[in-house]
**Q** 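Structure incoming, see below.
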Amino acid sequence: MTQILMPALSPTMEEGNLAKWLVKPGDKIEPGQVIAEIETDKATMEVEAVDEGVIGELLVAEGAQGVKVNTPIATLSNGETQNASSSMEEAPRSGGGGAPSVVKKEPQEARPSRPVASPPQSALRADSSSIEEELPAGTQMIKITLRDALRDAMAEEMRRDKDVFLMGEEVAEYQGAYKVSRELLQEFGPERVVDTPITEHGFAGLGVGAAMAGLKPIVEFMTWNFAMQAIDQIINSAAKTLYMSGGQIKSSIVFRGPNGAASRVAAQHSQDYSSWYSHVPGLIVIAPYDAADAKGLLKSAIRNPNPVVFLEHEMLYGHEFQIPDVKDWLVPIGKARIRRQGADVTITAHSRMVAHAMKAAEELAKDGIDAEVIDLRTLRPLDTATIIESVKKTNRLVTVEEGWGQSGVGAEVCARVMAEAFDYLDAPPTRVHQADTPLPYAANLEALALPSVDKVIEAVKAVTYR
Amino acid sequence: MAQTAQRTNGNGVHASEASKDELLSFYRDMLLIRRFEERAGQLYGMGLIGGFCHLYIGQEAVVVGLQAALKAGDQMITGYRDHGHMLAQGMDPNAIMAELTGRRDGSSKGKGGSMHMFSIEKAFYGGHGIVGAQVSLGTGLAFANKYRKDGKVCLTFFGDGAANQGQVYESFNMAALWKLPVVYIVENNQYAMGTSIQRSSSETHLYKRGVSFNIPGEEVDGMDVLAVRDAGRRAVEFVRGGNGPILLEMKTYRYRGHSMSDPAKYRTKEEVDEVKTHRDPIDHVKKLITDAGHASEDDLKAIDREIRDIVVKSAEFAQASPEPDPSELMTDIYL
């Protein structure tokens, strides 16, 4: 003899009325047969039998109000089939029909009192062939534009691994909207350098599907502004599936393209997505400044088994930088770079803002202020240790980012510094960021809205009380 | 295969014969899904399954018939109404049920739940909670098949609701443009949550939705497992032959609400009863079996008991399995 329990018909239902019995004692019932109707404040719903058998006793009368979920409402004998057991017998019962939803909502297991917020160390791993810290003495430096450094990174990785391919709008025949994929089609052919239609949502999802099948796509967005059409696939499919599958399904994929303000292209084409993506567990977010980092980090990103958001800057594509002439140049993910040592203030920046920070530091030096500039390079996982160590030395912090301030990268850096180096601070940390407005078109307004060298200098002077 | 959309059920094309073994296997597989889903509904009612839980009851013939058209290694991907697909692909009912109860022996270690389960071994790629997202992802699986020239085909399932998402058509376009080996299956159960197809779709014959991409379409009686199998075979052969994608519209029906918390007030009880009484896919196979004298009522009862035991055991397993260890909170975020 098993018991039929008052079912919960929605996640929030705790009790209901037994409106009508459709069976009586002695009735033989089949799985799927409707045996009763139940009313809640929202709806009337049918209760279907799961087991077959013969109805024994009706324990709750028709018309009963406020019957708690999981209260036995009838008994069922096994009838002619001799099933050993029904899982109903193992049903958790809260004594006397108390609120059983407690069972569901508050599992007995203790939650970890303080979940560890730092990312797993493995995400910081770099497949190091030759990493910057180990540059042999006498290494030659060569000049290269940022765009060619990115192109070389892709070409080298495509030569190395046939599972790597590039797709996006105008990446093949046109040679890249910004010429970043120049000559890749000629070397690798149309099967590995794939021109897509203008269909960001579709090709981002297609890329993630290909990654789930084990390929290593590089998905180029003509600019990150257009990736807003695709952000669902980047976050819901690429970033979360490893977790939701209990570690089974990986997405080794790189989404890349220019991010942030170009020049006079107005609000819809000028947004910095640094903080958007760095908010999301499961993603790695990289925003390099110079060619050496761009090349070394893009190569590391392509080899990384996780989904990577790689934020480039259009205004830097044509800049020439020095890059070590090293075979298989890799830069580790998750490690900031101290670009200028200093004692008086720590300035954090990433992407193009590193240029502003460095220029500001030069100017500040003339006034006797010795700034330390940290190029964050990777925004997730953020190299907190390097920032904290620096602030403990300088006791002052200015963050610089191109995007908006609210919930921004600077806000996160400040929060971490307050949590871990509060006692070392001699001034409130200060953020330099874009004005809280869509980016205007007019040249003067655009300049007013964006961070500048002067604004960085001003912020540093404020925190150093100069 | 015609290059235009067509209807092949009802008039003209009849389902071919099936062997005794095949019919019994269909009966068994469909019954497993139905009994499993009923049990899941029961565990939900007991508070052992939380959140959203979308049952496949009524639609069993679609996935069982199509699965019969596949070769080992061919992939399946679908949306959130995924329990039937997993069972049809041969995933362990214990692990599926334990995932529903959020336990450590669940197929996603209890971290995915009803809508997010996967098995690389069984070539099942989810289990996706965002309506329509699996269509782009399935197109990507097919892209990988073509890239590797491995001859595999990906079955990409979605519902009549997802059929109105833009990325479905972005995917159709690329799949046709690049001749990707993907079979798109729209399981038209006629209600996108509470909105009937007539209220949601300007063209309700969804098999025509590929026409402007040159994707051939076919309407199939999704309550007839043999019609489904035959359409599946034709489609898989067409797609594997390098001809690009194809679209199958399976006319089917879900008996239960959209999810467990849906009172289904948007349709009449008579409408549901009509389908249950006259078009039930399991009754249909049962009749084919008994009419042909392949099995007696008693033989079928024995199968029923066997299936019931599997399902009862899965429910017991799912309740006995412990909750995930707290340390699992921070695993599987990065590799």
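Lettering follows sequence order; numbering is per chain, from 1.
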**Q** Who wins among A:Gly247, A:Pro281, A:Pro7, A:Pro31 for the most heavy-atom pairs under 4.5 Å with chain B?
**A**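 Heavy-atom pairs under 4.5 Å are most numerous for A:Pro31.
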**Q** Between B:Phe143 and A:Phe203, is a ring pair (Phe, Tyr, Trp, His ring centres under 6.0 Å) present by the stated rule, with each step listed?
**A** CA-CA 11 Å; B:Phe143 181 93; A:Phe203 71 69; over 10 Å; no
**Q** At a heavy-atom separation under 4.5 Å, does A:Val47 approach chain B through its side chain, its backbone, both, or neither?
**A**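 It is neither, since no heavy atom gets under 4.5 Å.
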**Q** Main chain of A:Leu283, side chain of B:Tyr334: is a donor-acceptor contact present, judged purely on distance under 3.5 Å?
**A**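 Indeed, once roles are kept as given, a pair shorter than 3.5 Å links the two residues.
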**Q** Could you look at B:Met174 and say if it's the side chain, the backbone, both or neither that has a heavy atom under 4.5 Å from chain A?
**A**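 For B:Met174, the contact with chain A is made by the side chain alone.
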**Q** Between B:Glu121 and chain A, which part of the residue has a heavy atom less than 4.5 Å away: side chain, backbone, both or neither?
**A** neither
**Q** I need the minimum non-hydrogen distance between B:Ala133 and A:Asp232, along with the two atoms involved.
**A**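 For B:Ala133 versus A:Asp232, the nearest heavy atoms are CB-OD2, 4.1 Å.
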**Q** Which bit of B:Ile77 comes within less than 4.5 Å of chain A, counting heavy atoms only: side chain, backbone, both or neither?
**A** neither
**Q** Would you say CD of A:Glu191 has more than 12 non-hydrogen atoms from neighbouring residues, nucleotides or ligands within 6.0 angstrom?
**A** no
**Q** Is B:Ile130 in contact with chain A via its backbone, its side chain, both, or neither, using a 4.5 Å heavy-atom distance?
**A**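 Contact with chain A is through the side chain of B:Ile130 alone.
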**Q** Using a cut-off of under 4.5 Å on heavy-atom pairs, state which of B:Arg148, B:Lys313, B:Met260 scores highest against chain A.
**A**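 Looking at each of B:Arg148, B:Lys313, B:Met260 in turn, B:Arg148 comes out on top.
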**Q** Identify which part of A:Thr196 has an atom lying under 4.5 Å from any heavy atom of chain B, answering side chain, backbone, both or neither.
**A** both
**Q** What side chain to side chain donor-acceptor pair (under 3.5 Å) pairs are there with at least one residue in residues 123-134 of chain B, not counting sequence neighbours?
**A** none
**Q** Below 4.5 Å from any heavy atom of chain B, which atoms of A:Ser245 appear? Answer side chain, backbone, both or neither.
**A**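 When you check distances to chain B, atoms from both the backbone and side chain of A:Ser245 fall under 4.5 Å.
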**Q** Just give me the residue among A:Leu242, A:Ile198, A:Asp163, A:Thr241 that pairs up with chain B most often, heavy atom to heavy atom, under 4.5 Å.
**A**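 Result: the option with the highest number of such pairs is A:Leu242.
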**Q** What residues of residues 95-110 of chain B make heavy-atom contacts with chain A at a cutoff under 4.5 angstrom?
**A** B:Ser107, B:Ser108, B:Lys109
**Q** Which bit of B:Asp262 is near chain A, if near means a heavy-atom gap under 4.5 Å: side chain, backbone, both or neither?
**A**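 B:Asp262 touches chain A through backbone heavy atoms alone.
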**Q** Looking only at side-chain N and O atoms, does A:Gln233 offer a donor or acceptor that is under 3.5 Å from a partner on B:Gln167?
**A** yes
**Q** Please state whether the side chain, the backbone, both or neither of B:Tyr147 comes within less than 4.5 Å of a heavy atom of chain A.
**A** side chain
**Q** Evaluate the side-chain contact (heavy atoms from CB on, under 4.5 Å) criterion for residues B:Ile333 and A:Asn306: first the C-alpha distance (whole Å), next the side-chain angles of each, then the deciding distance (0.1 Å), finally the verdict.
**A** CA-CA 9 Å; B:Ile333 304 165; A:Asn306 300 290; over 6 Å; no
**Q** Heavy atoms only: give me the nearest A:Pro197-B:Leu177 pair and the separation to one decimal.
**A**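 In this case the closest contact between A:Pro197 and B:Leu177 is CG-CD2, 4.0 Å.
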**Q** List the steps, then state whether side-chain contact (heavy atoms from CB on, under 4.5 Å) holds for B:Ser171 with A:Leu206.
**A** CA-CA 8 Å; B:Ser171 300; A:Leu206 188 153; over 6 Å; no
**Q** Compare every heavy atom of A:Gln248 with every heavy atom of B:Ile120, then report the nearest pair and how far apart it is.
**A**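 That closest heavy-atom pairing would be CD1-O, 3.2 Å.
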**Q** Suppose we screen for side-chain contact (heavy atoms from CB on, under 4.5 Å). Which residues come up paired with B:Asp273, at least two apart in sequence or across chains?
**A**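 side-chain contact (heavy atoms from CB on, under 4.5 Å) list for B:Asp273, sorted by chain: B:Lys269, B:Lys276.
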**Q** To check you understand the geometry: which heavy-atom pair defines the closest contact between A:Gly246 and B:Asp332, and what is its length?
**A**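 Heavy-atom minimum between the residues: C-OD2, 3.3 Å.
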**Q** Ion pair present between B:Arg305 and A:Glu52, side-chain N to carboxylate O less than 4.0 angstrom?
**A** no
**Q** Under the side-chain contact (heavy atoms from CB on, under 4.5 Å) test, which residues partner A:Lys240, sequence neighbours left out?
**A** A:Ile235, A:Asn236, A:Met244
**Q** Other residues, nucleotides and ligands only: do more than 12 of their heavy atoms fall within 6.0 Å of CZ on B:Phe52?
**A** no
**Q** Measure the CG-CG distance between B:Leu335 and A:Asn304 for me, rounded to the nearest 0.5 Å.
**A**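 If I round to the nearest 0.5 Å, the distance is 8.5 Å.
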**Q** List the atom of A:Thr199, the atom of B:Glu170, and the distance in Å for their closest heavy-atom pair.
**A**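 So the two residues come closest at OG1-OE1, 2.7 Å.
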**Q** As a quick check of understanding, evaluate salt bridge (Lys or Arg N to Asp or Glu O under 4.0 Å) for A:Asp51 and B:Arg39, giving each step before the final call.
**A** CA-CA 9 Å; A:Asp51 294 285; B:Arg39 187 68 55 166; 2.9 Å; yes
**Q** Specify which of A:Gln229, A:Lys162, A:Met212 makes the most heavy-atom pairs with chain B at under 4.5 Å.
**A** A:Met212
**Q** If you look at every heavy atom in B:Ser136 and A:His201, which pair is closest and at what distance?
**A**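 Residues B:Ser136 and A:His201, closest heavy atoms: OG-O, 4.2 Å.
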**Q** What verdict does the salt bridge (Lys or Arg N to Asp or Glu O under 4.0 Å) test give for A:Glu46 and B:Arg256, after you've listed the backbone C-alpha separation in whole Å, the side-chain angles of each residue and the deciding distance to 0.1 Å?
**A** CA-CA 10 Å; A:Glu46 294 174 339; B:Arg256 299 294 187 95; over 6 Å; no
**Q** Where does B:Ile57 contact chain A at under 4.5 Å (heavy atoms): side chain, backbone, both or neither?
**A**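 For B:Ile57, there is no contact with chain A at all, as no heavy atom is under 4.5 Å.
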**Q** Which of the residues B:Phe172, B:Trp178, B:Tyr255 is involved in the greatest number of heavy-atom pairs with chain A at under 4.5 angstrom?
**A**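 Between B:Phe172, B:Trp178, B:Tyr255, the count favours B:Trp178.
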**Q** If I measure from the heavy atoms of chain A, does B:Thr331 come under 4.5 Å with its side chain, its backbone, both, or neither?
**A** backbone
